[in-house]
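Each residue takes its place number in the sequence, starting with 1. Read the numbers this way: they start at 1 and go in the same order the structure lists the ligands and their atoms.
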Amino acid sequence: MRPEPGVTRLRHVGIVGAGLAGLAAAVAAAAAGVHVEVFDAAPDVAAPPAQIDVVPNLVRDLSALGLAEACVRRGFAYRGVSVVDAYGRAHFEIETPALGGARLPAAIGMPYAELLRVLRDSALARGAVVHWQCTVCGVEAPAARPHIALADGRRHRFDLVVMAGAADVAGIELPLHAGGERLPQRWDYVLLPRPQGLDQVTWVVGPGRTKAMIVPVSMREAGLALLRDERMAGAPAAGTPAQLRAALAVEGDLLARLGESLRDDATVVGRPVRSGLLAGAWHVGAVLRLGSSAHVLPPHFGQAAAQSVEDAAVLGDLLRADLERDELLARFGARRATRAARVHALVSQAARWDLDPEPATDLAALARRLAPIVAHGA
Ligand SMILES: Cc1cc2nc3c(=O)[nH]c(=O)nc-3n(C[C@H](O)[C@H](O)[C@H](O)COP(=O)(O)OP(=O)(O)OC[C@H]3O[C@@H](n4cnc5c(N)ncnc54)[C@H](O)[C@@H]3O)c2cc1C
């Protein structure tokens, strides 16, 4: 028997969350010709004043969504990743292949908000509707046509609901408990003037094992991310510019100079490090989980964002194939689950290694193991 039209074929998709994963999914689904509605509790794109590192596999997937050129215009195309000591002496380089093709740079540093705006504007231009200030308080998953219930009492019915980064919505069992395991480390992010000549991402390892990552995001600005080991006595719960400056002052010339360039009124954003991966299927009935609803990745190798956009790219691809819903959900899991698990394992190992270095696993070795996994699209 042929399935009832409009029930199993996907014409109308509802997305909960307008972060990276939700907006990228909206772009991909709208480009596939599907009617898309996105719901977010915030009044507009809510991005921390921090950098986002658009790594090679993310450049490739943004290019497939037609967005890479806009990212180049709004960011800083950088030419590689260098790991240096506290005085700027090179340890090694991390390979940065141009996966987006010869016309695009290998990687791009951007202010986080700029990437979200590129995604939002593209979703709107392709006809997606974004409902800001709409808190979703429940989703009825098993229904043939699932409902999204809003806090104001309205209900919306879709062929498929996508949970994108929004974890605590009633009605959906999320085996990714409380956003995954909390590691005893935190990264502090701040935007500061771009150091003269900085044209690549630079990881600095200070004498006290302090690690910092500096990403150029525009001609004028760079983003600094500083690792804090929360097990250390006296580690502040949240950094201020003065605390960051004091921490950087004792970590060699390079970091001390960065600290001095920090403005007193700069906003420092703390990012607690979590690691988690969905246990079992990525969908419950007609509700599919993407982005940080499905995988929570530590900051290493820029894969938290890259894997979120990869989720969206695969969804768009499958929607274009005009599959029945069950077939689409099965194929989505087959293309994403194992691959995301392999990336998750390597990135989480890098985060654990920051806390307790193991001789057999260094950053360069992990980067070399990650490279072939992400070298080709999902
Ligand atoms: C400071 C900082 C810097 C980062 N830098 C990098 C980087 O360089 N590289 C990298 O790979 N990753 C980075 N990340 C991580 C990256 O931001 C996440 O992996 C990514 O945001 C996951 O996207 P998401 O859409 O799944 O979730 P989110 O971005 O968290 O978006 C979820 C959205 O859902 C909305 N929402 C939640 N609950 C509800 C509800 N009930 N109803 C309606 N809306 C709801 C929220 O308002 C939010 O907009 C950084 C994170 C931070 C905080």
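Not a single N or O atom of Thr135, backbone or side chain, sits closer than 3.5 Å to an N or O atom of ligand 1. Residue-to-ligand polar distances keep Ala42 apart from ligand 1: every N/O pair is separated by 3.5 Å or more. Between Val269 and ligand 1, a contact under 3.5 Å exists for no N or O pair. For Ala305, a nitrogen or oxygen atom sits less than 3.5 Å from a nitrogen or oxygen atom of ligand 1, counting backbone and side chain alike. Considering backbone and side-chain N/O of Ala306, none are found under 3.5 Å from N/O of ligand 1. On a distance-only criterion, Leu20 and ligand 1 share at least one N/O pair closer than 3.5 Å. In terms of N/O distances under 3.5 Å, ligand 1 is approached by Ala21. Checked against a 3.5 angstrom limit, the closest N/O atoms of Ser292 and ligand 1 fall inside it.
Only side-chain heavy atoms of Ala50 come within less than 4.0 Å of ligand 1; its backbone N, CA, C and O stay farther off. For Ala164, every heavy-atom contact with ligand 1 shorter than 4.0 Å involves the backbone, none the side chain. With a heavy-atom cut-off of 4.0 Å, Pro48 touches ligand 1 through its side chain alone. Looking at Cys137 against ligand 1, nothing comes within 4.0 Å, counting heavy atoms. Looking at Tyr112 against ligand 1, only its side chain comes within 4.0 Å, counting heavy atoms.
Applying the side chain to side chain donor-acceptor pair (under 3.5 Å) test to Arg79 and every residue at least two apart in sequence or in another chain returns Asp199. Residues passing the side chain to side chain contact (heavy atoms under 4.5 Å, CB included) test with Glu95: none are found, sequence neighbours excluded.
Closest heavy-atom approach to atom 12 (N) of ligand 1 within the set Pro49, Ala46, Ala304: this belongs to Ala304. Nearest-heavy-atom check against atom 8 (O) of ligand 1 across Val16, Asp53, Val309 picks out Asp53.
Within ligand 1, the atoms closer than 4.0 Å to a non-hydrogen atom of Gly19 are 25 (O), 29 (O), 31 (O), 33 (C), 49 (O), numbered from 1 in the order shown.
Aromatic pair Trp282/His295: ring centres closer than 6.0 Å.
Side-chain N or O atoms of Asn57 include none that pairs as donor or acceptor with a backbone N or O of Val374 at under 3.5 Å.
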